[in-house]
Amino acid sequence: LAYCGEIESLYLELMGKPAGLCGGRGGSQHLHYRNFYSNGVQGGIAPVATGMALAEKIKGSGAIAVVFLGDGTMGEGAVYESFNLAALWRLPILFVIENNGYAQSTPYQLQVAGELRARPAAFGIPVVERATTDVSEILSVASHLIDAVRSECRPACLLLENYRLGPHSKGDDFRDAAEINAAWESEPLRILKPRLRETDAAAIEVEVERLVQRAKENALEAAKYE
Ligand SMILES: Cc1ncc(C[n+]2csc(CCOP(=O)(O)OP(=O)(O)O)c2C)c(N)n1
Ligand SMILES: [Mg+2]
């Protein structure tokens with residue numbers, strides 16, 4: 001792997017250091033790098049992405065917006081206002097909903113009524129659903145959807161069913177350990193690894209570990225805000 005300054009900048013940002021990607025002021029919640037944005041306000045990124053799609057349509061750039069939402073975030077009203085305007089104004093936006101079965105520590109059954117797939121569909125947004133953690137399969141489905149969003153200039157939704165392997169945050173995981181362990185069998189890298197030569201996979205793992213460790217040490221030593 002080439003030198004990856006972005007990993008160091010991201011680590012600095014997560015630790016709130018001035019040298020971070022956003023001057024250490026966004027932290028883990030509000031990141032901005034090139035054309036990537038995240039927002040700690042649940043669902044807050046949906047209208048932002050919808051506005052970006054509108055801007056790209058007006059400019060005629062041919063670019064599309066892609067926004068990622070969780071199952072728990074489908075309880076936010078701003079998401080439905082975004083579905084409505086995206087469909088009404090035929091905006092080039094792909095909504096990716098990741099249903100990982102939990103909203104922080106609340107199971108899906110206790111927080112979602114009806115079917116998630118029916119929600120974008122109610123606004124006339126076509127939904128493609130996949131229950132997979134195979135990145136190659138997701139890439140192929142997403143490529144087709146992105147092509148359709150771009151060429152037809154209208155929204156679409158990719159609904160992915162999976163399981164959240166880690167805690168949402170720190171100290172808020174009350175799930176059954178056996179359930180979590182079983183889900184690790186379909187962890188995306190475990191699926192990909194056998195497709196690589198064993199020596200290549202091992203070399204990548206060593207190099208990634210080295211880059212992350214170095215970024216961590218660099219961030220720990222970096223100057224902080226006084
Ligand atoms: C407007 C708002 N309400 C509440 C929260 C607190 N909160 C953060 S994440 C979360 C649940 C997120 O669920 P989901 O989208 O499924 O993400 P996951 O837990 O799977 O990472 C809540 C309630 C928030 N960040 N913003
Ligand atoms: Mg979730």
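As the structure lists them, so they are numbered: ligands from 1, and atoms in each ligand from 1.
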Contact between ligand 1 and Gln29 is defined here as a heavy atom of the residue under 4.0 Å from a ligand atom; is it met?
no
Tell me whether Asp71 is salt-bridged to Arg164, with the criterion being a basic N under 4.0 Å from an acidic carboxylate O.
no
Residue and atom names of protein N/O/S atoms that fall under 2.8 Å from the Mg ion (ligand 2)
Asp71 OD1, Asn100 OD1, Tyr102 O
Where ligand 1 meets Gly40 - atom numbers and elements under 4.0 angstrom, heavy-atom basis:
24 (C), 25 (N), 26 (N)
Under 4.5 Å between side-chain heavy atoms, hopping through other hydrophobics if needed: is there a path connecting Tyr37 to Leu10?
no
Please check if atom CZ in Arg195 has more than 12 non-hydrogen atoms from other residues, nucleotides or ligands closer than 6.0 Å.
yes
Between Glu207 and Arg210, does any side-chain N to carboxylate O distance fall below 4.0 Å?
yes
Using a 4.0 Å heavy-atom cut-off, say whether Glu98 meets ligand 1 through its side chain, its backbone, both or neither.
neither
I'd like to check whether Val41 has a polar contact with ligand 1, where a contact means an N/O of the residue lying under 3.5 Å from an N/O of the ligand.
no
Relative to the heavy atoms of Tyr102, which atoms of ligand 1 are at a distance of less than 4.0 Å?
16 (O), 18 (P), 19 (O), 20 (O)
Closest protein heavy atom (residue, atom, distance) for atom 10 (C) of ligand 1
Gln104 OE1, 3.4 Å
Counting only heavy atoms not in Gln213, do more than 12 sit closer than 6.0 Å to its CD atom?
yes
Can you tell me the protein heavy atom closest to atom 17 (O) of ligand 1 and the distance?
His168 ND1, 4.0 Å
Checking side-chain polar atoms at under 3.5 Å, does Thr106 have a donor or acceptor matched by the opposite partner on Gln111?
no
Considering the heavy atoms of Gly72, write down every atom of ligand 1 situated less than 4.0 Å from one of them.
13 (O), 14 (P), 15 (O), 16 (O)
Can you tell me if Asn35 has over 12 outside heavy atoms packed within less than 6.0 Å of its CG?
no
Less than 6.0 angstrom from the centroid, inside 45 degrees of the normal: does Arg119 satisfy that with respect to the ring of Phe83?
no
At a non-hydrogen distance cut-off of under 4.0 Å, which region of Asn100 contacts ligand 1 (side chain, backbone, both, or neither)?
side chain
Enumerate the atoms of ligand 1 whose separation from the nearest heavy atom of Thr73 is less than 4.0 angstrom.
15 (O)
Could you check if a side-chain atom of Ile138 sits within less than 4.5 angstrom of a side-chain atom of Thr132, using non-hydrogen atoms only?
yes
Going hydrophobic residue to hydrophobic residue with side-chain gaps under 4.5 angstrom, can you get from Val149 over to Val67?
no
Shared hydrophobic cluster for Leu116 and Ile125 (ILVMFWY, side-chain gaps under 4.5 Å)
yes
What residue and heavy atom of the protein are closest to atom 4 (C) of ligand 1, and at what distance?
Gln42 OE1, 3.2 Å
Heavy atoms from other residues, nucleotides or ligands near NE2 of His32 exceed 12 (cutoff 6.0 Å)
yes
For Ala103, the ligand 1 atoms whose distance to one of its heavy atoms is below 4.0 Å:
11 (C), 13 (O), 16 (O), 19 (O)
